[in-house]
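Atom set for the values below is all heavy atoms of this structure, side chains included, hydrogens, waters and symmetry mates excluded. Bear in mind the structure is a predicted one, so any value in this text is a computation, not a measurement.
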Amino acid sequence: MATIGYEGVLKMIEELTTNAGQIQDEVLREILSRNAGTEYLRGFLHGQTEKQLFKKNVPIVTYEHLKPYIDRIANGETSDILLAEPITGFFLSSGTSGGQPKMTPVTAQVTKNCELFRGFYESPVIKHFGDINQAGKRMELMFARPEIETPSGLKAASVSTSIYKESKFRTILPKLYTSPIETIFCPDPNHGLHCQLLFGLIQRDEVVTIGSLFASTVLRGIKFLENHWQELCYDIKTGRLSDWITDSGCRNAASLVMKPNPEQADLIESICNCKSWEGIIRKLWPKARYIGCICTGVMRQYIAELEFYCRGLPLVSAFYACSEAICGINLEPLCKPYDVSYTFLPSMAYFEFLPVENDHDESIDMKKNDEDTELVDLVNVKAGQCYELVVTTCAGLYRYKVGDVLMVSGFYNNAPQFQFVERKNVILSVDQEKTSETDLSKAVTEAKALLDPLGFILTEYTSYVDTSSAPGHYVLFWEIKGKEGKHCKELDPKIMVECCSRMEESLHYTYKIYRKRNIIAALEIRVVKQGSFEALMDYYVSKGTSLSQYKKPSCIKSEEALKILDSRVIGKYFSPKSPL
């Protein structure tokens, strides 16, 4: 990719999207010709490779269907029970959006596709912002987590950790990034975060882009800086790392570059010591051109707060991918973060789509029986229609339901463009009603609009169903921040009660009927103190989730996580009446 330049890559994208149907057929043909003889596919295809036989006989599956085969390989059996190409390791999902981490096979072809994909998603960004790699450095917050060695000897790691371990990445790191490798692999995320922010401040005049994998991690960094800027300035002033940073790798990395710089420390201190932190990113890193992080899906809730801190800097969601498959890229990086669409790359996997239908007036639900629903090919999806993504990959996933619901927003040449709608099955339900992630997001958006004119921002939220008493009811945890020094204690309780009512009014018809019939009790908002969601993130990170890959759950399932939030509640408010 590097040899042909970004313009050459953009031409490749034109060719891929123009010939999307043909390329999809070639991808499936290649996957089946290699793997039709494996134990898994042999039971459905009997050695045949025809597309129609594949669509007729191979079932639509979830991770639980393939897990026994993956576990057998992890325990030492040969990989040809699932795929012909040798497995070099496994990718681990974050586990924060759908429960336990999933382990999916990695092959040489998967690694090659990942390298190609970086060129694909970076080229539109270079077209609009110039070649960042030549202009300066990236202050990217990156966090590896320990690998797991399976009984077979094969290693399992998150996608990001796998990238950080590559020799190619380690070679380019000092030139292109502000963070030394020791800070990325620091076992304590807070030590690593302190040091990465410190090195980013020291090199502030070289920083041309700021980011992380997800918007939540960027915000975590900003809030850490907001709480610890005086200490960071003292480190810069004295040229010495804070004593509480005990990690030897971080201390060694700091000793190589840090020297007393009181002038720089005073300048940063004057910027940070202000009444409002609105636009603080542009002030601290004046040469930054954009913020790079995923802002779609569950990360949408962080857009407003990020825009407050970066004021005018574009938020760029460059790509759509997951541990199971590489999918699409954003060809319009300057578009508003709420409007991002991802153009699917037909060469990365074989894509099929399970249609989604309305289950009530506002939400979506899967058709009741997948087996009775014909999957739609990539080039045959319809604009405006919602689908659940199903992938077949070179890594042994066949007709695999990723769990993401997408809406077709248009086409680029012959390749569809999708907007992320929600994770499937992330729902609240007291009785027979089903409230999806999208329903919840819409209702929260309507309710939080009451806070904005009063100078308050809803920074984080999550939910759960409280069935400790009958009837059960929905509970929302909200973390609220005041602008320009305001404290959330100044917020009128009547406004919070109105927020509860506004949420209920914004939920779907089935919910309202059940509320009227007292099948569901009044919706409750529990306001938690500042830092509560950081504590929630710390809990998940302590359980093995990489800080780089952390996605806050929209619905809390863990009792331990629930206790963390409940212990920090500073106010409880209920809807005073039924919405109907």
Inset, instruction - Would you mind checking if E85 and K112 are paired as a salt bridge, meaning a charged N to carboxylate O distance below 4.0 Å? - result: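 Looking at E85 together with K112, the answer is no, because their closest N to O distance does not fall below 4.0 Å.
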
Legend entry - N-O pairing of E278 and R311 below 4.0 Å: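 Counted as a salt bridge, because a side-chain N and a carboxylate O are separated by less than 4.0 Å.
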
Inset, instruction - Report yes or no: is the cationic atom of R138 (NZ for Lys, CZ for Arg) closer than 6.0 Å to the six-membered ring centre of F129, at no more than 45° off its axis? - result: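 Not satisfied by the 6.0 Å and 45° rule.
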
Inset, instruction - Would you kindly check if the NZ (Lys) or CZ (Arg) of K551 is within the cone defined by 45 degrees around the ring axis of Y540 and under 6.0 Å from the six-membered ring centre? - result: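 The answer is no, since K551 fails at least one limit relative to Y540.
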
Inset, instruction - For Y412, enumerate each residue passing the ring pair (Phe, Tyr, Trp, His ring centres under 6.0 Å) test, keeping only those at least two apart in sequence or located in another chain. - result: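 Expected list: none.
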
Legend entry - Those residues that, when tested against F308, pass ring pair (Phe, Tyr, Trp, His ring centres under 6.0 Å) (two or more places apart):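 By the ring pair (Phe, Tyr, Trp, His ring centres under 6.0 Å) rule, F308 matches no residue at all.
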
Between [X] and [Y], is any side-chain donor less than 3.5 angstrom from a side-chain acceptor?
X: Y350; Y: D377; result: yes
X: Y342; Y: T296; result: yes
X: Q419; Y: S409; result: no

Inset, instruction - Kindly state whether the ring of F418 and the ring of Y320 have centres lying under 6.0 angstrom apart. - result: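 F418 vs Y320: aromatic centres not under 6.0 Å.
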
Inset, instruction - For N113 and C394, work out which heavy atoms get closest and say how close. - result: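 Between these two residues, the closest heavy atoms are ND2-SG, 4.2 Å.
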
Under 3.5 Å: donor-acceptor pair, side chain of [X], backbone of [Y]:
X: K155; Y: G89; value: no
X: D404; Y: L389; value: no
X: S216; Y: Y550; value: yes
X: S441; Y: E437; value: no

Inset, instruction - Report, as yes or no, whether the 6.0 Å neighbourhood of atom NZ on K283 holds more than 12 heavy atoms from other residues, nucleotides or ligands. - result: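 Check passes, neighbour count above 12.
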
Inset, instruction - Look at atom NZ of K11 and say whether more than 12 heavy atoms of other residues, nucleotides or ligands are closer to it than 6.0 Å. - result: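 Atom NZ in K11 is not crowded, with 12 or fewer foreign heavy atoms closer than 6.0 Å.
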
Aromatic rings [X] and [Y]: how do their planes relate, parallel, tilted or perpendicular, breaks at 30° and 60°?
X: F319; Y: Y121; value: tilted
X: F185; Y: Y164; value: perpendicular
X: F169; Y: Y177; value: tilted

Legend entry - Residue pairs involving residues 328-352 (criterion salt bridge (Lys or Arg N to Asp or Glu O under 4.0 Å); sequence neighbours excluded):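 Found K55-E352, E352-R399.
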
Inset, instruction - Could you go through the side-chain contact (heavy atoms from CB on, under 4.5 Å) check for Q24 and V379 one step at a time? - result: CA-CA 9 Å; Q24 277 283 275; V379 296; 5.6 Å; no

Inset, instruction - Would you check, one step at a time, whether the test ring-ring contact (aromatic ring centres under 6.0 Å, His included) holds for Y302 with Y309? - result: CA-CA 11 Å; Y302 302 112; Y309 285 116; over 10 Å; no

Inset, instruction - Give the C-alpha distance, both sets of side-chain angles, the deciding distance and a yes or no for side-chain contact (heavy atoms from CB on, under 4.5 Å) between E14 and L10. - result: CA-CA 6 Å; E14 288 292 320; L10 292 176; 5.8 Å; no

